2 protein chains.
Amino acid sequence: MERRRRTEGRILDAARALFAEVGFERATIRAIAKAAEVDPALVMQYFGSKQELFQQAVRVTPVAGPDMGAEELVEQVLGALNLKMGELPQSTLAMMRSMLTHPEAAASARQTLSRQIDRLAESIPGEDARLRAALITTIMLGVTIGHQLLDLDELREVPQDEIARVLRPGLRALTGPDVS
Amino acid sequence: MERRRRTEGRILDAARALFAEVGFERATIRAIAKAAEVDPALVMQYFGSKQELFQQAVRVTPVAGPDMGAEELVEQVLGALNLKMGELPQSTLAMMRSMLTHPEAAASARQTLSRQIDRLAESIPGEDARLRAALITTIMLGVTIGHQLLDLDELREVPQDEIARVLRPGLRALTGPDVS
DNA sequence: GTCTATAGGAAGATAGAC
DNA sequence: GTCTATCTTCCTATAGAC
């Protein structure tokens, strides 16, 4: 019982890492099992199918965030770039890596992004709050993809706080209603 | 000879459409051949391998663009969002769809984005021009992914010129050196 | 030149031995 | 509970008939 939980944990860690690295299709059960040092059949035994394993692996506890002022908002979003310390959670990277080519991951991504947009929109004044929130969200998505998934040199070379500094005014312009 | 060229064209069109819709892995030679109304073996005969077919299909003539002032720059970038008329070229969408999960497409995307960054950087004053150019490029990447590949409702519902209007001040803040 | 048939391989999933 | 062996399916790629 205890042993099983630890084994499941190892499998999920290995799955997250592989899904994040190569996406759903190319991450094989066999490779995941090997990385977790278990038998491939055990993975099926525990999770039923590759699809269910993926769902378990990318399941994210949606970070609850109360509404806040526009300036804190920008800082929170910039912090979430998580160029900050270390990396984004593997589960998030796994979902992002697969979201353009795996229908299930796409649905999951849409849901997560929509939640994020809703959350941001609450803190943005003006009638086009949802559009602004959507643009802020997709902007962070694009920067994150460029930095974490495509490894663009132009972004990797630069320290995180400089990226945040350059990006800040642009995001400010999107949070305020007084700039149209 | 003439007939072959037309057949190749049909295959390439079908390939672009399918690669753009489902990505490299899920777009099978069989399905492409069926869409182009040819025999699957003919596709192999003409292009040698699926990989070579993909390369031919996403090959883009890099739009030559001379350097320009900062304001025109923003307008050109916004226009390229191509929320404008119709859609982005299928070849571009095909590359974007596959770039996170297919190594070859990733390399191609990095190259295209780097060229774009170089082009933009030439028109941006200040010493952090390349960083600013990279952020502008990834911002447009993110918005395009959200709009064209993830079909986010929050962006699809909105007319293109309103997106451009809301996005403009933020991009302006990135082109000018006077906002750090 | 075009298509039929099939080789050859890899994947997910399953049944049953240990 | 865990692993071995296999089934089934789907793919790319090739060889050869028409």
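A, B, ... follow the sequence lines: proteins, then strands. Residue 1 opens every chain. Since the structure is predicted, the reported quantities are computational estimates derived from the model, not experimental observations.
Residues passing the salt bridge (Lys or Arg N to Asp or Glu O under 4.0 Å) test with B:D161: none are found, sequence neighbours excluded. B:S49 is linked by a side chain to side chain contact (heavy atoms under 4.5 Å, CB included) to B:Q51, B:E52, counting only residues two or more places apart in sequence or in another chain. By the side chain to side chain contact (heavy atoms under 4.5 Å, CB included) test, B:A20 pairs with B:Q90, B:L93, B:A94, sequence neighbours left out. Looking at residues two or more places apart in sequence or on another chain, you find no salt bridge (Lys or Arg N to Asp or Glu O under 4.0 Å) involving A:D153. Residues satisfying the side chain to side chain contact (heavy atoms under 4.5 Å, CB included) criterion with A:A109, sequence neighbours excluded, are A:M95, A:M99. Shown here are the salt bridge (Lys or Arg N to Asp or Glu O under 4.0 Å) partners of A:E162, two or more places apart in sequence or in another chain: A:R165.
Heavy atoms of A:F47 sit nowhere under 4.0 angstrom from any nucleic acid atom.
With salt bridges taken as basic N to acidic carboxylate O contacts below 4.0 Å, none links A:R130 and B:E157.
Pairs engaging residues 21-42 of chain B under the ring pair (Phe, Tyr, Trp, His ring centres under 6.0 Å) rule: B:F19-B:F24, B:F24-B:F54, B:F24-B:H102 [sequence neighbours left out]. Residue pairs that meet the side-chain hydrogen bond (donor to acceptor under 3.5 Å, both in side chains) test with at least one member in residues 3-14 of chain A, sequence neighbours left out, are A:R4-A:E8, A:D13-A:R16.
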Please tabulate, for side-chain N and O atoms in residues 28-40 of chain A, each donor-acceptor pair with protein atoms closer than 3.5 Å (sequence neighbours left out).
unit_1	atom_1	unit_2	atom_2	d
A:T28	OG1	A:A31	N	3.0
A:D39	OD1	A:A41	N	2.9

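Taking side-chain N and O atoms only, A:Y46 has a distance below 4.0 Å to OP1 or OP2 of D:dT2. Residue A:R3 places at least one side-chain N or O under 4.0 Å from the OP1 or OP2 atom of D:dT2.
When the P atom of D:dT2 is taken as reference, atom CD of A:E37 falls 15 Å away, rounded to whole Å. If you take CG of A:D39 and C1' of D:dT6, they are 14 Å apart, rounded to a whole angstrom. In this structure, CZ of A:R6 is placed 16 Å from C1' of D:dT2, rounded to the nearest angstrom.
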Walk me through it: do B:T138 and B:I117 pass the test side-chain contact (heavy atoms from CB on, under 4.5 Å)?
CA-CA 9 Å; B:T138 50; B:I117 290 170; 5.9 Å; no
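Summary of helix geometry: the two end axes of the helix from C:dG1-D:dC18 to C:dC18-D:dG1, each defined by five base pairs via their C1' atoms, are inclined to each other by 10° (rounded to 10°).
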Sugar-phosphate means primed atoms, P, OP1 and OP2; the rest is base. With that split, encode nucleotides 11-18 of chain C 5' to 3' as B, S or - using protein heavy atoms under 4.0 Å.
BBSB----
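The stretch residues 10-20 of chain A does not touch DNA chain C, since none of its heavy atoms comes less than 4.0 Å from the strand.
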